[in-house]
Amino acid sequence: MALSDTRFSNRRRALAAKLASQRVDTMLVTHLIHVRYLSGFSGSNGAVLVNKDLSAKISTDGRYFTQIAEEVPDIEMVEGRNPGLSLLKQVEGPRRVGFEADFVSVSALEQLKEAAGEEIALVPISGVIEEIRLTKDPLELERLGLVADLANSSLAELIAEGGLRAGISEKQVAADLEYRMRMKGAERPSFDTIVASGPNSAKPHHGASDRIIEHGDLVTIDFGAHDRGFNSDTTRTFVIGEASDFAKEIYQVVLEAQLQGVEAAVPGAALADVDKACRDVITAAGYGEYFVHSTGHGVGLDLHEAPYAATTGTGVLAPGMTLTIEPGIYVPGKGGVRIEDTLVITEGVPKNLTRGLPKELQVL
Ligand code: ZN
Ligand code: ZN
């Protein structure tokens with residue numbers, strides 16, 4: 001399709017433009033998410049070679065020949081069971097070839113060095129494609145919006161139909177939610193759904209256990225859908241039956257922190273300041289020591305990707321970036337609350353991809 005050709009070649013152009021500053025002639029891309037980002041190929045074995053003159057080659061093995069011809073009509077294909085190695089062998093020296101330092105294993109690097117010989121210098125490159133991925137194009141934003149709607153409407157339906165209640169297990173709620181997301185067209189959840197009830201809600205990354213949900217529990221559900229390469233990420237915390245004073249108190253603090261974080265997420269804002277906007281509310285309420293993680297992350301082809309809103313965060317927000325705002329309070333033995341939206345940073349008020357799920361305390 002003409003549309004997709006332009007999209008992928010634009011990304012390769014952006015990469016080629018960065019190669020000179022990295023002092024390389026060619027970039028060997030082996031991380032599968034990056035292969036897909038730069039070419040459209042979605043198979044499980046592949047690599048792409050992008051030269052600074054914009055010429056490119058792609059490689060995969062026989063299982064994917066039909067698929068790659070459909071998905072990548074505009075790049076010359078080289079057969080290879082080890083695609084990275086096959087592409088490197090295509091390079092004629094002398095050349096400086098960049099490789100993805102964050103994604104090449106020690107043994108794979110040994111193989112590449114052997115194939116490179118004396119004419120080709122292998123140069124470790126880090127974060128360059130990630131930097132291009134920071135700013136989403138309109139089609140990426142559309143797909144992120146669709147996958148978010150699919151996931152969030154699934155939870156809204158589950159809640160409306162009484163799918164979260166006392167007497168059933170965390171695993172059953174997770175299974176129900178994942179089934180609904182798949183029935184709406186998700187390829188899979190973007191991660192194992194978290195359903196953390198009662199004392200489990202005090203563990204930020206609890207999974208979903210056999211624990212039976214009880215009257216009075218706080219229940220945190222953190223979930224997302226994955227489709228066509230893209231992910232969504234949302235968290236809501238509910239109370240079952242009746243909210244204790246403790247539950248009401250920490251819920252209001254987290255909600256206020258979350259709203260402050262959303263307000264702070266404007267173009268030009270330092271990522272550390274977005275984190276601080278959330279953290280200050282929680283600290284002022286006396287729960288600072290119980291907010292044990294950072295405020296948020298980008299969402300795209302990876303569930304967790306740059307930018308990162310953390311106390312140690314660097315850089316500033318710009319239009320086209322995504323960012324979750326997900327403060328939480330976790331008091332061991334008592335319970336916890338987390339509220340998470342995924343935002344798209346725009347020139348004005350951020351666009352909130354988390355729709356149809358109220359943030360006020362819901363007692364079910
Ligand atoms: Zn999440
Ligand atoms: Zn998240």
Side-chain angles (χ1 to χ4, degrees), residues 33 130 133-134 136 140 144-145 147-156 158-159 164 170 173-174 177-178 180-181 186 188-197 200-208 218-227 229-238 251 254-255 257-262 264-265 271 274-275 277-279 282 291-313 317 321-330 336-345 350-359:
I33 281 179
E130 286 85 343
R133 284 171 54 196
L134 262 177
K136 274 65 180 169
E140 288 181 284
L144 285 166
V147 79
D149 282 346
L150 184 163
N152 296 326
S153 63
S154 297
L155 181 62
L158 181 150
I159 298 299
L164 178 57
E170 294 173 350
V173 175
L177 181 54
E178 292 182 4
R180 288 171 192 264
M181 292 194 291
R188 55 177 169 83
S190 50
F191 56 96
D192 288 339
T193 301
I194 294 172
V195 179
S197 68
N200 291 337
S201 64
K203 302 174 213 162
H205 267 199
H206 177 72
L218 282 158
V219 183
T220 295
I221 301 182
D222 189 349
F223 68 105
H226 177 100
D227 196 50
F230 290 94
N231 297 290
S232 76
D233 194 6
T234 301
T235 307
R236 288 292 182 269
T237 300
F238 303 89
Y251 196 94
V254 173
L255 177 58
Q258 209 272 345
L259 294 172
Q260 290 296 325
V262 171
L271 283 152
V274 177
D275 181 88
C278 283
R279 204 166 296 278
I282 292 175
F291 179 15
V292 290
H293 53 74
S294 54
T295 288
H297 55 87
V299 179
L301 293 170
D302 278 309
L303 173 67
H304 297 121
E305 61 182 45
Y308 295 98
T311 47
T312 54
L317 288 173
M321 292 179 178
T322 57
L323 185 69
T324 67
I325 303 290
E326 50 178 304
I329 292 176
Y330 314 91
V337 169
R338 177 165 67 257
I339 302 171
E340 174 181 28
D341 288 343
T342 300
L343 308 179
V344 176
I345 309 306
K351 180 173 188 235
N352 198 329
L353 295 183
T354 310
R355 301 188 298 177
L357 291 171
K359 282 192 276 196

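As the structure lists them, so they are numbered: ligands from 1, and atoms in each ligand from 1.
- With the Zn ion (ligand 2) at the apex, Glu340 OE2 and His297 NE2 define an angle of roughly 120° (rounded to 10 degrees).
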Test Thr342 against Asp233 for side-chain hydrogen bond (donor to acceptor under 3.5 Å, both in side chains), laying out the working first. CA-CA 7 Å; Thr342 300; Asp233 194 6; 5.5 Å; no
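- Thr193 and Glu178 form a side-chain donor-acceptor contact under 3.5 Å, judged by distance and modelled atom types alone.
- Donor-acceptor pairing under 3.5 Å is lacking for the side chains of Glu326 and His293.
- If you put the vertex on the Zn ion (ligand 1), OD2 of Asp222 and OD1 of Asp233 sit 150° apart, to the nearest 10°.
- In this structure, a donor-acceptor pair under 3.5 Å is present between the side chains of Ser197 and Glu170.
- Not one N/O/S atom of Glu326, from backbone or side chain, sits under 2.8 Å from the Zn ion (ligand 1).
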